[in-house]
Engineer: 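Sending over a structure as structure tokens; questions will come in a sec.
Every chain is numbered from 1 and lettered A, B, ... according to where its sequence line falls, protein lines coming before strand lines.
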Amino acid sequence: MSEHSLFDSAPDAELGAALREALAMPFGAAFVNRACARLRQERPRSWDEELAGWFWQGLVAASLVTLLAGWGLKAFGAVDESDATTVTSAAGQLLDGSTPGANILLASMTAADTP
Amino acid sequence: MTGVDEATLAARAGKGDADAFGALIELHQAMARRVAYTILEDREDADDAAQEGFLSAWRAIARYDPSKAFRPWLMQIVVNAARDLRRRRRVRAADSLDTISPASRDNPAREAGDIDLGERLRAALATLPERQRLAVVLFDAEGYAQAEIAALLRIPEGTVKSDVFHGRRALRRVLSTVKEEWDE
């Protein structure tokens, strides 16, 4: 057993060597030949193919962003609409008769229009 | 072939040079297969996973950043390939494997009573949780830094230290027992 402490932050050379030997796999050259043969049947993806691989994820993400943006706009739009209902237009104020002097103003306007 | 050579090969492979990638396979096959075996505990499966890892790395070579080390990037892919294969195998063959202990699958000599240090270490590894196995193999056998292992396995560095500690404790026990037997 090596003098290496269990707490050592450096690799244990003796244990490491024993593990490499225990886990060693036979037929390395045959593995390399087989892997290289498979390799030549494949080709690396180019950048556009990599991007194409992300197409559906991108589409889903864009849809979610659009939905969220739409929801946000609608929410803010609702606030604007409620603001608009509190500010009555000038024409509305004239016509609803609640504003003092509105009837006089209306009468003068209609009189001015009469030939 | 390490250091600059590996970086040069990786850069050439990144431009689609299959020969350069073949040289990288030759350079890293032993380690990739050992790490795959650590996860799968079966030689044929380990070879399948290592090969699939190399092919996945080749397909995705455009994503490799040449400014970073190639080895951890490759090993991450090999670990993922081995874990994927283990999941598929578990689903497909759970019944047949349940009746056989992992350590005995690749040990024909075990039945003959001819158990050497390697077999005992493999048997001891098989009793450890996968994360501990990987941590101690990557650290002590393959020379990865604890920070690299943490990034590779996506766990905190403190967890790696703890896993290495517990893994070593179990494996050193085997080492010392075998040595005592040899001394007798």
Engineer: On a heavy-atom basis, which atom in A:L19 and which in B:V136 lie closest, and how many Å separate them?
Structural biologist: CD1-O, 4.3 Å
Engineer: Given 3.5 Å as the limit, does a donor-acceptor pair link the side chain of B:R43 with the main chain of A:M25, or not?
Structural biologist: no
Engineer: Which residues in residues 56-65 of chain A have a heavy atom less than 4.5 Å from any heavy atom of chain B?
Structural biologist: none
Engineer: Okay, side chain of B:D140, backbone of A:D12: is any donor-acceptor separation there less than 3.5 Å?
Structural biologist: yes
Engineer: Between A:R38 and B:E52, is there a donor-acceptor pair closer than 3.5 Å when you use the side chain of the first and the backbone of the second?
Structural biologist: no
Engineer: With chain A, which of B:M31, B:E180, B:E26, B:Q146 has the greatest number of heavy-atom pairs at distances under 4.5 Å?
Structural biologist: B:E26
Engineer: Which one of B:V35, B:L55, B:V178 has the most heavy-atom pairs closer than 4.5 Å to chain A?
Structural biologist: B:L55
Engineer: State the CD-CG distance between B:E142 and A:L23, to the nearest 0.5 angstrom.
Structural biologist: 8.0 Å
Engineer: Side chain from CB out, backbone as N, CA, C, O: work out which of these in A:A29 comes under 4.5 Å of a heavy atom of chain B, or both, or neither.
Structural biologist: neither
Engineer: Pick one of side chain, backbone, both or neither for B:A50, based on which atoms fall under 4.5 Å of a heavy atom in chain A.
Structural biologist: both
Engineer: Can you tell me how far the CZ atom of A:R34 sits from the CG atom of B:D48, to the nearest 0.5 Å?
Structural biologist: 7.5 Å
Engineer: Indicate the atoms forming the closest heavy-atom contact of A:P11 with B:F139, along with that distance.
Structural biologist: CB-O, 3.6 Å
Engineer: Which atom pair, heavy atoms only, marks the closest approach of A:C36 to B:G22?
Structural biologist: SG-CA, 3.7 Å
Engineer: Does CD belonging to A:E21 count more than 12 external heavy atoms closer than 6.0 Å?
Structural biologist: no
Engineer: Where on B:A30 is there a heavy atom nearer than 4.5 Å to chain A: the side chain, the backbone, both, or neither?
Structural biologist: neither
Engineer: Minimum heavy-atom separation for B:D47 and A:F31, please, with both atom names.
Structural biologist: O-CE1, 3.4 Å
Engineer: Return the minimal non-hydrogen interatomic distance between B:A18 and A:R40, and the atom names on each side.
Structural biologist: CB-NH1, 3.7 Å
Engineer: Which one of B:T177, B:L121, B:T38 has the most heavy-atom pairs closer than 4.5 Å to chain A?
Structural biologist: B:L121
